[in-house]
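Single-structure report; data block below.
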Amino acid sequence: MFSQEVGHSTSQPDVPGLCQGAGWLFFCPDAQVSMALVMLVPLLPLAAALFIWAVGSRLRERQTWLCALPIVAACAGAAATLVWVSSHGPVSVRFYEPGAGGLALPVGFYFDRLSAVMMTLISLVGTLIYLYSTGHMHQDRGYHWYLGLIAFTTFVLLCMVSSANLVMLFVFWQLVSWLLFLLAHNHAHAGTLQGACRTFTLLRVGDAAFLAGIVLAHALYGTVEFQELFERAASVPVVLSPLPGLEISGATAVSLLIFGGAMSKSAQFPLHIWLPHFLYAPTPVSALLHAGIINAGGFLLNRLAPLYGLSPTALHVVFVVGTLTTVLGASMMLVQNDIKKTLGFSTIGQMGYMIMECGLGAFALAVFHLIAHGLFKATAFLNCGDVIRRVRQEPASPHARHAGAERDLPPFMWATGFLTTLMLPLVILLGTHGALRIPLLESQGTVVFLFFIWVTSSQAILTLTRLRAVASWKVSAAMLGTLLFVVFTYLFAAEAFTHFLYPDPTTVTRYFQAAALPGPLFDGLVVGTTLLTVLSWVYLYAQAHGRTMPLPAWVQTLRVRLYVLLMNRLYIDALHDRLGRGIMRVAHGLDKHSFGGLR
């Protein structure tokens, strides 16, 4: 009971092999069967989940491995869907079309390049995590219930990224929030239950803003279908006046409200505090969360990129929030002493990085980032589970001492790292400006791409300085290889990926122009980040060689206070707890005042 379209989406499809009656569309025998197979991608994990729950504890260990076959098949189907939509165009699957006296909301799915890329990532990560869980969680109570939840969560995520309109996307968005509470698994543990409840509560804040944005979009433009919404928002500008003397465009209001949902799901400041508390969940769940679920914010902004492209104000807000989250998340990560919390705050910083890219108009770069980060974090958390298991078996392993003193860092290696991170990127910028004739001073988008190349390569090369037991020439060669790899990845892979997701160059240019910051502010951010990178190299060189840097006393005092502040996570958790207790007291007081006389 569905229709299928290739290359476009309309409210009344005219496709051979379709029969329509009372608003429902029926699949007739002469329709293309290959289009029907697209729907098997999300349905296969659902079938696996239902089978596992139905059989339950009667499943043996080998049979749980066999239950992974539908998820593996879904991964292969997602890859095939990606190839299909890349060559034939988007596919729209309709289960229901609005008719007289029926539902006013179309029910169906929409598969384009963005959704196909996300489906491939989700199904691949879901397959790896399910297979890992069959061994990691084998002796836990509720083992089969947990495996079914992993498969069902994969189904929900696949449906979310392929939803045909805002309402369907929101329904599956809500299901993900509920599933996070269930995936915490060990609710008998006080910390796990508290973290799951805090996660559920904070996600409700963002979801309320998301729902308000959907309601406002329908009220202003009369539709929640993606393509129709974009077209009406662009052709019929709407101006709202929420307060006397304050005017805001309809596209800005809708974009900012929906961004509230992205903030909560992708752990953006100040709604980030649920993520560190959710780390009591099983390690495979943490891998699924950090590699898949938390990327929902980046996907949402990309799905609504044409709407955000109409509102420079919304893009600037997205940029500010992403930048704050990046800086604070990375700073708090540096003071953690727990391996999972370190990875958790690292994810917060990376999600801020992804949202910041969206705020700069580099939407495709954000998708490229979330794919790379998702695959990395999935393997990092699964390896983290093995490390924790090994530590439990060998209690002395984390306290093992290295024999001998640490080797000093040779000047040759430091000179290589310094020159590669500071001089060669400058050559790249000048070469791009001269040889490729790209007007850097007139295109912030190009500077954004090249600047990300420089910052990423600097971070990677700084990390290589920890290889003190390796010959300096080898480390220097690794630095040069890292720089070339990063440059190649950004200039070629990221550029090709941008063309793949947004084939029209004018669309990409329009997004960059909408997100363009004022010239002095943009130049200040670039110069400030550059100086910070240079000072980091100087400081680390001095520390590694036992040299002291003359600093004012107030700098040392500020450093200690910042350390304490970051150790306590900016006291936002304490503020959240106090605010929660205050709200509960008010609620109990109102309850007692309103209903006390009826008892």
Side-chain angles (χ1 to χ4, degrees), residues 104-105 160 163-174 177 202-272 296-325 352 354-363 366 507 510-518 521:
L105 175 68
M160 184 184 74
S163 296
N165 54 66
L166 275 172
V167 173
M168 287 195 63
L169 194 155
F170 181 75
V171 169
F172 291 110
W173 188 278
Q174 285 291 297
S177 300
L202 284 174
L203 292 183
R204 295 283 73 72
V205 176
D207 292 348
F210 191 178
L211 180 59
I214 295 175
V215 173
L216 181 61
H218 188 272
L220 295 178
Y221 305 112
T223 182
V224 291
E225 295 287 310
F226 291 123
Q227 300 304 323
E228 294 181 4
L229 176 62
F230 302 150
E231 293 173 0
R232 296 183 186 182
S235 60
V236 185
V238 179
V239 178
L240 303 176
S241 182
L243 296 174
L246 175 63
E247 291 186 349
I248 183 173
S249 69
T252 298
V254 173
S255 300
L256 290 177
L257 287 172
I258 293 178
F259 178 58
M263 285 180 62
S264 63
K265 197 75 78 182
S266 289
Q268 297 298 291
F269 179 85
L271 301 179
H272 67 283
F299 162 77
L300 181 62
L301 294 181
N302 266 270
R303 175 57 76 202
L304 300 177
L307 184 64
Y308 280 88
L310 299 174
S311 175
T313 301
L315 287 175
H316 293 163
V317 172
V318 170
F319 170 74
V320 171
V321 172
T323 303
L324 278 175
T325 306
M354 176 189 68
I355 295 296
M356 180 180 66
E357 290 165 344
C358 292
L360 289 170
F363 290 99
T507 301
R510 180 164 54 85
Y511 292 157
F512 278 126
Q513 290 176 349
L517 298 171
L521 175 60

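Because only heavy atoms are used, hydrogens play no part in the values below, and waters and symmetry mates are left out as well, while side chains stay in.
With hydrogens and angles disregarded, a donor-acceptor distance shorter than 3.5 Å links the side chain of Y308 to the backbone of S255. Although no hydrogens or angles enter the test, the distance criterion places no donor-acceptor pair under 3.5 Å between the side chain of K265 and the main chain of L300. With hydrogens and angles disregarded, a donor-acceptor distance shorter than 3.5 Å links the side chain of T223 to the backbone of E225. Formation of a donor-acceptor pair under 3.5 Å by the T252 side chain with backbone atoms of A314 is not found in this model.
Listed here is the closest heavy atom pair of M354 and S266: CE-OG, 4.2 Å. Of all heavy-atom pairs between N302 and C358, the closest is ND2-SG, 4.1 Å. Pairing each heavy atom of A251 with each of L310, the nearest pair is CB-CB, 4.2 Å. Closest non-hydrogen pair, Y221 versus A233, comes out as CE2-CA, 3.6 Å. Of all the heavy atoms in G213 and V254, the pair that sits closest is O-CG1, 3.8 Å. Residues G309 and A514 approach most closely at O-CB, 3.3 Å, considering heavy atoms.
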For side-chain contact (heavy atoms from CB on, under 4.5 Å), just list the numbers for V321 and F269, CA-CA rounded to whole Å, side-chain angles, deciding distance to a tenth of an Å, and then say yes or no.
CA-CA 7 Å; V321 172; F269 179 85; 5.6 Å; no
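The line from OH of Y511 to CG of L360 is 15.0 Å long, rounded to the nearest 0.5 Å. To the nearest 0.5 angstrom, W173 atom CH2 is 7.5 Å from D207 atom CG. Expressed to the nearest 0.5 Å, how far CD of Q268 lies from OG1 of T323 amounts to 10.0 Å. To the nearest 0.5 angstrom, S163 atom OG is 6.5 Å from F226 atom CZ.
Partners of F299 according to the ring pair (Phe, Tyr, Trp, His ring centres under 6.0 Å) rule, which considers only residues two or more places apart in sequence or in another chain, do not exist here.
Within the 4.5 Å cutoff, side-chain heavy atoms of L169 are placed close to those of F210. Side-chain atoms of F259 and I355, non-hydrogen and from C-beta on, do get closer than 4.5 Å to each other. Between P312 and Q513 there is no side-chain heavy-atom pair separated by less than 4.5 Å. Proximity of Q174 to M160: side-chain heavy atoms (C-beta onward) are nowhere separated by under 4.5 Å. Put simply, the side chain of L240 reaches to within 4.5 Å of the side chain of L216, judged on heavy atoms. Residues S264 and L202 form no side-chain contact, since every pair of their non-hydrogen atoms from C-beta on lies 4.5 Å or further apart.
Paired with L229 under the rule side-chain contact (heavy atoms from CB on, under 4.5 Å), one option of V224, L166, L220 passes, and it is L166.
Aromatic pair H316/F319: ring centres not closer than 6.0 Å.
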